[in-house]
Every structure is written in C-alpha cells, then in structure tokens.
Amino acid sequence: MAVTALLVFQRANRLRYRLTQDGNAGTTLTITTTGAASPDLLTDSVAGKIRQIAKAFTNGYGAFAAGALTQAKARALWLSDRIASNPGSTEVITTARCEITPRTGATQPDWLVDANVDGSGHPILSITAQAGAGTAYLDVELEGGAIGA
Amino acid sequence: MFGGMAITATLVHAGHNRLRYLLETTSTGADTGTITTIGDPTPDILTDLGENQGPIMLLAKVVEQGYGQFAAGAQTQAKARALWLADRSGADPASGTTGIDIVPSAICRLTPRGGSASAWRVDANVDGDGNPELIITSLGVSDGEIVGECYLDVLVGDTIGD
C-alpha cells in the first residue's frame with residue numbers, strides 16, 4: 001500500500017498518526033470511524049471526547065443526530081469547520097480538528113486532510129499524500145476546551 | 001546551528017509551554033537547518049526559553065538530567081522523536097503508543113506564511129554526542145520569489161497555559 005498511518009501517540013484528547021508515503025503510485029488513505037482495524041478513530045481512541053465524536057453515527061453527538069451523516073457534518077465534527085449549513089455554529093460543542101506536520105520527503109504538492117462520509121454515512125478522514133516518498137504526522141485533537149492531551 | 005545556511009530561525013514567542021520561531025529561506029533548492037537543545041546561541045531551545053520553566057525545559061535537559069523513563073546521557077534518534085515529536089513508535093523507551101511511562105512530550109507544528117512553492121519539514125535527531133536536535137528542511141522557493149516563510153511551534157500539549 002502506498003500510504004499508511006501508524007498510531008504513535010494516544011491520549012483522551014489527541015491522537016497522533018505517522019503517515020508514510022512509500023513512493024509507489026496511489027496517494028490517498030482513508031481513516032475510518034467504524035471500529036475497523038487501525039487506523040480507525042473509534043478503534044484507536046480512548047475514553048474521552050474524541051471517542052464520543054467517533055461514535056456520532058451510533059450515538060449522536062450534541063446537535064448531530066445518530067445515523068447517516070453528511071460531508072458538511074463530518075467536516076464540522078473532525079475539522080471544526082461549521083461554515084456549512086446544518087448543524088451550523090449555534091451550538092457550543094467541542095469538535096475535533098486535524099493538523100498535518102510533514103517530517104521528510106522532497107516532493108510537492110504537500111499532504112492534505114479532509115473529512116467526508118462513506119457510502120453508509122460514517123465520517124471518514126481522507127488523506128492525500130505528497131507525490132513521492134516521505135512521512136508526516138497527523139494530529140487529531142480537540143478544538144479548544146480541553147485540558148491536557 | 002543555522003550559520004552559513006539559507007534557513008534562518010528567529011524566536012518570535014517564548015512561553016513556558018511553547019516556543020515559536022519564524023523560519024525563512026531564500027534558497028531555490030532544498031536546504032536544511034538545525035535547532036539545538038544544549039544552550040548554544042539562538043536558535044537553541046534551552047537558550048530561547050530564557051527564564052521560562054516548564055516541561056520544555058525539562059525535555060531540553062534530558063541528556064544532563066534524564067526525563068522520566070529517559071535516562072540521562074546520550075540519546076538516540078528514536079528517543080529524540082519520542083521527546084520532540086511525540087512519536088513513541090520507535091524501540092525504547094516506550095512500548096507501543098501508550099507507553100509505559102506517561103510523561104509529557106513535545107510536538108512540532110509548521111504553519112507556512114509566505115512563499116508559494118516552499119514546503120517545510122521538521123524531524124528530530126541527535127548530534128554526535130547524543131544531544132537531541134530539531135532538523136528543519138525547506139524544499140526551496142520558486143524562481144522570482146524572494147523568501148519562503150513558515151512558523152515552527154515547539155509545544156507541549158499536556159499543559160495549561162502558554
């Protein structure tokens with residue numbers, strides 16, 4: 001597989017993955033939230049808000065009703081991007097955000113992270129790797145409001 | 001040290017739990033730089049903390065004093081990455097992601113500011129004496145651009161306040 005994600009840090013409020021692009025063709029990776037094998041945000045999280053967010057499909061989360069979600073809602077939950085309509089930004093609720101920090105690699109364009117949903121409406125993180133071999137760190141962490149990692 | 005290289009690192013913020021540097025490059029090709037932790041002239045994490053005390057200072061003194069499970073003395077690249085990039089996947093000191101010893105570690109973040117083609121990387125390694133250091137890489141600016149700019153944050157996430 002061209003792009004892999006290895007969990008290297010695990011706390012209630014932050015997960016860190018090491019992303020590796022081995023240089024082969026195929027530059028995308030999906031991180032799921034269904035309890036599948038790692039990398040999966042439900043499997044990899046411990047008790048805390050990140051785990052609650054990962055269970056939005058099953059349990060709902062604040063204004064987010066349980067059941068199939070949309071890309072706009074996935075972006076609100078995992079990228080703290082509430083600009084799209086529904087659920088909007090009227091409810092004060094903790095959401096997550098993603099940060100990518102490149103470590104090695106000499107090619108561009110650089111790494112990208114977005115949120116979307118799979119065919120059943122489960123949120124996913126979509127990683128687009130840089131074109132050539134290299135590594136980067138992906139942090140999935142809470143947007144403000146959390147004390148400690 | 002950054003002497004003689006195209007990348008410069010200027011300290012723009014120093015707190016107990018976070019240092020921020022402005023990185024700049026004028027090179028059109030790949031270039032690298034190093035931020036040390038041994039009390040050298042800036043950019044050096046120990047020097048740049050000044051009177052700030054906190055986990056970053058303890059991390060920077062690992063060779064001298066040790067830090068949690070990290071014994072004093074020469075470190076390895078795997079340990080430097082565990083300490084400064086929160087990457088505990090390497091062998092020793094910790095097993096797996098949760099680690100045996102739950103101690104705060106630092107992370108590094110890059111936020112590009114200027115220069116459409118410059119891309120930045122940050123890694124951790126050790127010098128010849130086993131002192132951890134941060135390795136900064138720029139892929140270079142495009143012809144016609146004057147400078148590429150990026151902020152580097154070195155912070156500890158397990159803390160309250162800056």
Side-chain angles (χ1 to χ4, degrees), chain A residues 4-21 38-41 43-50 96-113 128-149, chain B residues 17 29-32 55 77-78 80-91 94-99 102-112 115-125 134-142 148 150-161:
Chain A
T4 57
L6 175 68
L7 183 68
V8 298
F9 184 89
Q10 178 192 51
R11 291 290 184 271
N13 299 327
R14 178 159 55 90
L15 301 176
R16 173 166 264 213
Y17 293 91
R18 188 174 72 235
L19 309 175
T20 303
Q21 153 69 302
S38 183
D40 179 279
L41 294 169
T43 298
D44 296 335
S45 58
V46 295
K49 279 281 192 280
I50 291 182
R97 67 176 190 179
C98 297
E99 296 265 0
I100 290 189
T101 306
R103 191 178 84 174
T104 60
T107 59
Q108 297 188 66
D110 232 326
W111 299 81
L112 305 173
V113 57
T128 302
Q130 60 185 47
T135 56
Y137 290 108
L138 167 69
D139 287 303
V140 182
E141 59 188 24
L142 297 182
E143 176 64 54
I147 296 174
Chain B
N17 302 320
D31 203 0
T32 60
Q77 182 175 40
R81 283 172 169 164
L83 288 166
W84 293 103
L85 304 180
D87 183 347
R88 303 187 188 189
S89 64
S95 59
T97 57
T98 55
I102 299 176
V103 290
S105 53
I107 59 174
C108 294
R109 291 261 169 84
L110 295 168
T111 307
S116 60
S118 62
W120 300 84
R121 310 283 183 262
V122 57
D123 199 355
N125 209 333
L134 299 180
I135 309 299
I136 311 299
T137 302
S138 164
L139 301 188
V141 296
S142 292
C150 182
Y151 289 111
L152 167 68
D153 286 297
V154 183
L155 63 134
V156 177
D158 307 46
T159 52
I160 298 172

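Everything numeric in this text was worked out from a predicted model, so none of it was measured. Just so it is clear: chains get the letters A, B, ... in the order the sequence lines come, proteins before strands, and each one is counted from 1.
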### Polar contact flag, side-chain donor to acceptor under 3.5 angstrom, Thr135(A)-Thr104(A)
yes
### Atom group of Ala86(B) that falls short of 4.5 Å from chain A, counting heavy atoms
both
### Task
Walk me through it: do Asp123(B) and Arg81(B) pass the test side chain to side chain contact (heavy atoms under 4.5 Å, CB included)?
CA-CA 7 Å; Asp123(B) 199 355; Arg81(B) 283 172 169 164; 2.8 Å; yes
### Query
At a heavy-atom separation under 4.5 Å, does Ile135(B) approach chain A through its side chain, its backbone, both, or neither?
neither
### Task
Please flag which part of Arg103(A) lies under 4.5 Å from any non-hydrogen atom of chain B: side chain, backbone, both or neither.
both
### Task
List for me each residue that meets salt bridge (Lys or Arg N to Asp or Glu O under 4.0 Å) alongside Asp40(A), sequence neighbours excluded, and say none if there are none.
none
### Task
Could you list the residues that satisfy salt bridge (Lys or Arg N to Asp or Glu O under 4.0 Å) with Arg109(B), not counting sequence neighbours?
Asp139(A), Glu141(A)
### Task
Under 4.5 Å, counting heavy-atom pairs only, tell me which of Val122(B), Thr111(B), Thr137(B) racks up the most with chain A.
Val122(B)
